[in-house]
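Structure record follows, encoded as structure tokens.
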Amino acid sequence: MDPISEARRHWQDRGWLEAAEGMAAVTSIMRTQQILLARIETVLKPHGLTFARFELLALLSFTREGALPMAKASARLQVHPTSVTNSVDRLERAGLVRRVAHPADGRTKLVEITAQGRAVVEHATLELNAKVFRNPGFSGPEVDGLNQVLGRFRHDAGDFVETRFPI
């Protein structure tokens with residue numbers, strides 16, 4: 001038995017017909033997120049990473065200098081600054097990042113990826129690509145459709161502002 005279908009039936013039985021499908025969709029998305037995160041965490045655990053720490057390392061590895069102000073990392077990852085601080089603390093203890101002074105602003109600290117951090121994130125990324133991202137459990141057309149639907153939803157919710165440039 002699918003527990004979400006059963007919950008939908010209960011919603012309908014209680015007369016919440018206009019909300020039943022939306023409840024089932026939201027609950028399915030939340031459960032899918034849990035399943036995907038568990039798969040990702042299984043891959044990352046041997047690397048000593050959580051998904052949040054992996055995302056921070058990946059972000060830093062993509063920057064030209066390998067470093068960002070903590071506030072900018074928080075904004076780009078769309079998480080509270082406290083979450084970034086927590087991730088940096090743990091990554092720093094593992095030798096994967098370090099805090100350094102900003103060269104132009106003495107009040108600002110940068111978080112900088114170390115050579116060891118680059119190696120860990122490279123290996124973890126290759127493994128995530130092979131074990132999760134190349135085959136997330138959806139067909140190619142389903143992935144395209146999900147990206148379109150979820151991208152539109154996130155845009156409409158104010159998650160990002162799309163800028164289009166004329167060709």
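On a predicted model such as this, the values are computed, not experimentally measured, just so you know. In what follows, every heavy atom counts, from backbone to side chain, and hydrogens, waters and symmetry copies are set aside.
Hydrophobic clustering, with ILVMFWY side chains joined whenever heavy atoms are under 4.5 angstrom apart, groups L49 together with F51. Hydrophobic clustering (ILVMFWY, side-chain heavy atoms < 4.5 Å, transitive): L77 and L37 are in one cluster.
The nearest pair of heavy atoms linking L68 to L60 is N-CD2, 3.9 Å. What you find for S5 and D2 is that their closest heavy atoms are OG-OD2, 2.9 Å. Nearest heavy atom pair, residue A58 against residue V121, reads N-CG2, 3.6 Å. Nearest heavy-atom pair across V88 and M70 is CG2-SD, 3.7 Å. Between R76 and T63, the closest heavy-atom pair is NH1-CG2, 4.3 Å. Across every non-hydrogen atom of L36 and P136, the tightest pair is CD2-O, 3.7 Å.
Between E127 and H123, the side chains place no donor N or O within less than 3.5 Å of an acceptor N or O (distance only, hydrogens not considered). For the residue pair R9 / Q12, no side-chain donor-acceptor distance below 3.5 Å is found, with atom types taken as modelled.
Here the side chains of L110 and P103 are in contact, with some heavy-atom distance below 4.5 Å. The closest side-chain heavy-atom distance from T50 to E41 is below 4.5 Å. You'll find the side chain of I40 reaches within 4.5 Å of the side chain of F133, heavy atoms only. For the pair H155 and R152, the minimum side-chain heavy-atom distance is 4.5 Å or more. Put simply, the side chain of R8 reaches to within 4.5 Å of the side chain of M23, judged on heavy atoms. Looking at F54 and L128, their side chains come closer than 4.5 Å, going by heavy atoms from C-beta outward.
Judged purely by atom type and a 3.5 angstrom limit, T114 uses its side chain to pair as donor or acceptor with the backbone of L96. Remark: the backbone N or O of A104 is paired with a side-chain donor or acceptor of H102 at under 3.5 angstrom. At distances below 3.5 Å, not a single donor-acceptor pair connects side-chain atoms of T27 with backbone N or O atoms of A24. A donor-acceptor distance shorter than 3.5 angstrom exists from the side chain of Q78 to the backbone of D159, with no hydrogens or angles considered. Panel note: side chain S74, backbone V84; no donor-acceptor pair is recorded below 3.5 Å.
Between the CG atom of L126 and the NZ atom of K131 there is a distance of 11.5 Å, given to the nearest 0.5 Å. Between the CD atom of E122 and the CG atom of L57 there is a distance of 12.0 Å, given to the nearest 0.5 Å. Of the inter-residue distances, the one linking R99 atom CZ with E112 atom CD reads 13.0 Å to the nearest 0.5 angstrom. The distance from atom CG of L59 to atom NZ of K72, rounded to the nearest 0.5 Å, is 10.5 Å. In this structure, the separation between CZ on F138 and CG on N147 is 10.0 Å, given to the nearest 0.5 Å. In this structure, L91 CG and I113 CD1 are separated by 8.5 Å, a value rounded to the nearest 0.5 Å.
Counting heavy-atom neighbours within 6.0 Å of F153 CZ, excluding the residue itself, gives a total of 12 or less. For CD of E6, the number of neighbouring non-hydrogen atoms (other residues, nucleotides, ligands) closer than 6.0 Å is greater than 12.
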